[in-house]
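A short worksheet on the structure shown next.
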Number of protein chains: 2
Amino acid sequence: MANCCASIESGKGRHEDGEPIGTNAAGEQKMDVAAIQHLLLERICLLKYKPGDQLKEAKLAREFGVSRTPVRDALNRISHLGLIESRNGVGTVVVGLSGEQIQHVYDVRLELACLLGKLSPITPTPDHLNALEDLLARAHIMRERFSADDYIAINHELNALIASMIGNTILRAMWLQLYVQAASTWHRVAETMGPDVVDALIDELNDLISAVKRGDAESIGHIQRVHISYGYIKVKTVFGI
Amino acid sequence: MANCCASIESGKGRHEDGEPIGTNAAGEQKMDVAAIQHLLLERICLLKYKPGDQLKEAKLAREFGVSRTPVRDALNRISHLGLIESRNGVGTVVVGLSGEQIQHVYDVRLELACLLGKLSPITPTPDHLNALEDLLARAHIMRERFSADDYIAINHELNALIASMIGNTILRAMWLQLYVQAASTWHRVAETMGPDVVDALIDELNDLISAVKRGDAESIGHIQRVHISYGYIKVKTVFGI
DNA sequence: GACAGGTTAGCTGTATGCAGCTTACCAGTG
DNA sequence: CACTGGTAAGCTGCATACAGCTAACCTGTC
């Protein structure tokens, strides 16, 4: 889970990869395209790759123990999200969405949240409840001692949990897509905000747990909407929109 | 526009492509990945490729005058739509969405339609009006003498026109994605329905023209919603949902 | 004639070499 | 010292050969 040896070079510091920096060269097992795709997206969401970072096909290929082809395939499959951009002769860079695009993403997320409970929601199971309470416990721990990485991880898992309650497969796919598009921005904002965001997260988790206990799937979307709106305001402040 | 020599083999008839059937071998100019991607999607929407058809990378590569690599890239970039499926050793086939998936697509489309006028719509220009009136004229001509291909083409262009009035780029992308996902199904239904659908299309175009003349961007989404609902009912009848 | 098993054709997945394009770097000149 | 021009390194885009897999076909047998 805690993969700390991302194959990446940040911004300016072009320090000529001298082969084995942190990557245990032959230690990685072969991954297929789907796994690579998932991993790359996760690294973008979790800020292991930040806007401006350069994703080099050859280096990723070495890390994953495959050739450039599967890596290229994975990059192509996530290209439609607008989070990476490949330019011939230059490289493939992670791009941050423009202020306008962020606004568009959030505007749509606010509207889609209301649909979560409307379009064939999945009734939460005890597993869902347990997962939520686990996240709440972790959030409480973090309240004592803030960690941006932990906050990001909890937020990430929470989103996956919410998505698993969306019965409409198309809506779920869009929900996940919008999350991915917003995640990098929001997490960078949350980093700068510090512990303040934890309280909001705890409030949200408490609301969600309460709704799940009542079996009130309808409310989950609206709780999400509140949380998204909260994040939107913070994002707007930082970006001066 | 009227490209009638699609590189494709339908269903069973595996008639051993003997090189030059209808494809002017070297006549095609080189296309880049984006163009190939656009063309493939259009062919799926316009029923040049129907569910069950096999898209062979090598054959497409020959048609477009490139190697398999750009074709594979294009296929990868549209794979997230769920309209094609590649299986090792078998081939890449066009897949029709399941009944449930169609339902999900239409349920979301109905909701998104209401947002068209809500999230930063673009005020229609005289160009939009002219385009709509052109489509209406073509629809009236088709009323005399029905042509499934013409109906499909008009519907296709209309959708692009509507999309061009969506200011929120994210919403526009989703709108286009949902159209592509629904297009193949709806157009196959429309084929079987025959001339009946033309009257509905004319009604819709008249409503849209009226709204555009009033400068009523808000209404466009709701007119779309009515039209989508009309199609949904027909689709449900055919698919017995 | 029906059926079982091997064989073969053909497809996608992968690896790899080459071409084209950018950019950083460095030497030469004012 | 500032600036310009050339050069080289490195990246993605593309082409191609090969490996692995699947399914259809054909032959031999009962």
Side-chain angles (χ1 to χ4, degrees), chain A residues 7-19 21 25-26 28-38 40 49 52-79 83-95, chain B residues 7-19 21 25-26 28-38 40 49 52-79 83-95:
Chain A
S7 167
I8 188 176
E9 297 193 73
S10 279
K12 310 291 174 112
R14 199 166 180 174
H15 61 79
E16 296 308 312
D17 71 315
E19 282 304 287
I21 302 181
E28 309 286 349
Q29 67 227 358
K30 272 208 180 188
M31 300 178 67
D32 63 359
V33 174
I36 295 173
Q37 175 183 355
H38 182 78
L40 292 179
Y49 298 155
D53 285 351
Q54 208 167 3
L55 306 183
K56 298 176 187 174
E57 297 176 356
K59 201 166 184 184
L60 290 168
R62 278 199 302 275
E63 180 191 348
F64 300 144
V66 296
S67 75
R68 276 180 55 209
T69 309
V71 175
R72 278 181 64 79
D73 286 352
L75 290 172
N76 272 318
R77 287 190 193 183
I78 63 177
S79 63
L83 295 172
I84 57 173
E85 198 168 311
S86 294
R87 277 188 306 165
N88 192 0
V90 181
T92 302
V93 296
V94 180
V95 298
Chain B
S7 167
I8 188 174
E9 298 195 70
S10 279
K12 309 293 175 109
R14 200 167 180 173
H15 60 76
E16 297 310 313
D17 72 317
E19 284 304 289
I21 302 182
E28 308 286 350
Q29 67 228 1
K30 272 207 178 189
M31 301 178 67
D32 64 358
V33 174
I36 294 173
Q37 175 182 355
H38 183 79
L40 291 178
Y49 299 155
D53 285 351
Q54 208 167 3
L55 306 183
K56 298 176 188 173
E57 296 176 356
K59 202 168 184 182
L60 290 168
R62 279 199 300 276
E63 179 192 348
F64 299 143
V66 295
S67 77
R68 275 180 57 209
T69 308
V71 175
R72 278 182 64 79
D73 286 351
L75 290 172
N76 272 319
R77 288 190 192 182
I78 62 178
S79 63
L83 296 171
I84 56 173
E85 197 167 312
S86 294
R87 277 187 305 164
N88 191 359
V90 182
T92 302
V93 296
V94 180
V95 298

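Order of the sequence lines fixes the chain letters, A, B, ..., with proteins taken first and strands second; residue numbering starts at 1 for each chain. Everything numeric in this text was worked out from a predicted model, so none of it was measured.
Going from atom CD of B:E85 over to atom C1' of C:dT12 covers 13 Å, rounded to whole Å. Across the protein-nucleic acid pair, A:L75 atom CG and D:dC11 atom P stand 14 Å apart, rounded to whole Å. For B:E57 and D:dT16, the CD to C1' distance is 14 Å, given to the nearest whole Å. The nearest whole Å value for the distance from the CG atom in A:N76 to the P atom in C:dG13 is 13 Å. The CD-C1' distance, from B:Q54 to C:dT12, rounds to 11 Å in whole Å. Here the C1' atom of nucleotide C:dG13 and the NZ atom of B:K56 are 18 Å apart, to the nearest Å. Taking atom CE of B:M31 as the reference point, atom P of D:dA15 lies 13 Å away to the nearest angstrom. Separating the CD1 atom of B:I84 from the C1' atom of C:dC11 is a distance of 15 Å, rounded to the nearest angstrom.
Nearest heavy atom pair, residue A:S79 against residue A:I84, reads CA-CG1, 4.3 Å. Annotation for B:G91 and B:Q54: closest pair CA-NE2, 3.8 Å, computed over non-hydrogen atoms. Heavy atoms only, all atoms of each residue included: A:E57 and A:L75 are closest at CG-CD1, 4.0 Å.
For C:dG13, one of the phosphate oxygens OP1 or OP2 lies less than 4.0 angstrom from a side-chain nitrogen or oxygen of B:R72.
Annotation: of the two residues near DNA chain C, A:G89 and A:V66, the 5′-most nearest-nucleotide partner is A:V66.
Closest contact between the side chain of A:R68 and the listed nucleotides C:dC18, C:dT12, D:dA15 involves C:dC18. Nearest nucleotide to the side chain of B:T69, out of C:dG13, C:dT14, D:dC14: D:dC14. Of the candidate nucleotides D:dT12, D:dC14, C:dT16, C:dT16 has the atom lying nearest to any side-chain atom of A:S67.
Contact annotation: side chain of A:R87 to base of D:dG13, donor-acceptor pair absent below 3.5 Å. A donor and an acceptor atom never sit less than 3.5 Å apart when one is taken from the side chain of A:N88 and the other from the base of D:dG13.
No donor-acceptor pair closer than 3.5 Å links the side chain of A:Q37 to the backbone N or O of A:D73.
Taken from CG in B:L55 to OG in B:S86, the straight-line distance is 8.5 Å, to the nearest 0.5 Å.
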